[in-house]
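To keep things clear, I will list the structure first and then write my remarks on it.
The model shown is predicted, which means the values in this text are computed figures rather than measured ones.
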Amino acid sequence: RYKVHPGAAVAICMKNSPGWMISFVAILRAGGVAVLVNSRGTGATMVQAVQDTDCVLVLTDQRRADALRQSGCKVSIVTAGDISNAPEANSVPEIRRAEDDAAAMFFTSGTTGIAKAAVISNRALVTGTMNSEMAITSVFQRMATAYNIEVETLKSQLPQSCSLLIFPLFHTSGCSSIFLTTLINGGKLVLMERWNAQEALRLIEAERVTVLGGVPATLWDILNAENRETYDLSSLISLSNGGQAFPRNLLDALRETFPKAYIGAGYGMTETAGSVSQATGEALLSRPRASGTVLPMVDVRIVSDDGQTLDVGGTGEIWVKGAVLMTEYYGRSEDTKASFSGDWFRTGDVGYVDADNYVYIVDRKTDMVISGGENIYCVEVEAALNKHPDVFQVCTFGVPDDRLGEKLIACFVATDEALTSEVLEAFAKDNLATYRV
């Protein structure tokens, strides 16, 4: 009906929901490419994402459909209500495509603040999901060893795995690490309308959640929630941190509160279809400043500013190679070329690898703030604030914050003393997505 042929791009632009997940599987089954639009953006930024990726169709919920239409979206729009009335799956032929054909596009940005669509192949998507599966397997292996039984025997005695989905599905963490991994393993997913620590505690108890992955802000909220002690959280066997570094005080607090749970962390990015390094349990606790060990499906090298590969312990830019890498930034050949050196992807992150293959992140080359697990690009925020007629100069940057990881700060010089911080913040709310304010 909507001319979705093999290789055609179809946007998913909706909040976390069963409809989102049905849409993702349906697009790939039909041979299409799932374009995962940031549904938290403004109508204009969502339309831009749809246009930049040459989408032939948008699958969305009513709220985003209204925003897209108001912002002049010219592409056909189907809402989640229409999705539920779709034909039976077995009446739609499954289109098989090659390993290196595009499967999905995830949006990411650099210092320009302009969203770029990273094209992830079938091979990269599957490999990234396998990396997540390996982390789960390592937890089961350690548990089986502790109880001196076989892994399969342990699994047969445990309840169905159950994950509380906090990450947006348009993020690699939400889509690959949680949704696809849970789907493959026959697990259960519990969704929340929006983040609320009290509701999360209620759901963990009611649904017997076994796996909880989040960013430092959400994990701190769980630890500091009122009446936490009155909830039964004994079902949790795995806790993980993604999106940014694991603060040592948070790690210690989680160990104290959940002594029987395995705690994990890793390092990765959109362009690597998820993780580059991972660690759980003692492997993480032995080197809490590290971001895990390099995964066997990935090669990492540390490169100096003059292009030389550094020895063990040398600090430089982290380069990555392997089946997890994106194919390109869609329609941006110059950006793609600048991000690769042969088969190696230049991450823009600065760090080092020790003798035991642990990765340490020490800095970022990119001018970006990570707050609550969301990438916020200083240039984009500054451009929005500069639209105010009374702003003469503005500079944004991040400062460390225990809960959010980083807090975004804007310093400005006003041409009129009537422009207060409160006035500018109100202006920002009218010109930026909520998570950027």
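Put simply, CG on Asn38 and CZ on Phe106 are 12.5 Å apart, with the number rounded to the nearest 0.5 Å. Note that OG of Ser339 is 7.0 Å distant from CD of Glu271, once rounded to the nearest 0.5 Å. Note that CG of Leu169 and CG of Asn16 are 4.0 Å apart. Values are rounded to the nearest 0.5 Å.
The residues Arg123 and Asp101 are annotated as not salt-bridged, no charged nitrogen and carboxylate oxygen being separated by less than 4.0 angstrom. The residues Lys116 and Asp52 are annotated as not salt-bridged, no charged nitrogen and carboxylate oxygen being separated by less than 4.0 angstrom. Using a 4.0 Å cut-off between charged side-chain N and carboxylate O, Arg202 and Glu199 make a salt bridge. Here Asp61 does not pair with Lys15 in a salt bridge; the nearest charged N to carboxylate O distance is not below 4.0 Å. With respect to the salt-bridge test (charged N to carboxylate O, under 4.0 angstrom), the residues Arg142 and Glu282 do not qualify.
Considering all non-hydrogen atoms of both residues, Val35 and Cys55 come closest at CG2-SG, 3.7 Å. Counting all heavy atoms, side chain and backbone alike, Ala200 lies closest to Ile222 at CB-CD1, 3.9 Å.
Of the N and O atoms on the side chains of Tyr267 and Gln278, not one donor lies less than 3.5 Å from an acceptor on the other residue. Looking at Glu374 and Ser371, their side chains never bring a donor and an acceptor atom within 3.5 Å of each other. Side-chain contact check for Thr79 and Thr60: no donor-acceptor pair (N or O, by modelled atom type) lies under 3.5 Å.
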Given side-chain contact (heavy atoms from CB on, under 4.5 Å), test Leu254 with Leu223 step by step and report yes or no.
-> CA-CA 8 Å; Leu254 288 172; Leu223 291 169; 3.9 Å; yes
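Residues forming a salt bridge (Lys or Arg N to Asp or Glu O under 4.0 Å) with Arg346 (at least two apart in sequence, or on another chain): Glu317.
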Quick one: side chains of residues 155-167, donor-acceptor pairs under 3.5 Å with protein atoms, not counting sequence neighbours, listed by atom name and distance.
from   : atom 1 : to     : atom 2 : distance (Å)
Ser156 : OG     : Thr153 : O      : 2.6
Gln160 : NE2    : Gly186 : O      : 2.9

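No more than 12 heavy atoms of other residues, nucleotides or ligands shown are found within 6.0 angstrom of CG on Asn148. The environment of CE in Met130 is sparse: at most 12 heavy-atom neighbours from other residues, nucleotides or ligands sit within 6.0 Å. The 12-atom threshold is exceeded at NZ of Lys188, counting heavy atoms of other residues, nucleotides or ligands nearer than 6.0 Å.
Inter-residue side-chain proximity for Leu295 and Met134 is flagged as met; some heavy-atom pair is nearer than 4.5 Å. At least one side-chain heavy atom of Leu191 sits under 4.5 Å from a side-chain heavy atom of Met21.
Here the two rings, on Phe340 and Trp344, have centers that are 6.0 Å apart or farther.
Between Tyr358 and Tyr360, the ring planes are tilted. Angles from 30° to 60° get that label.
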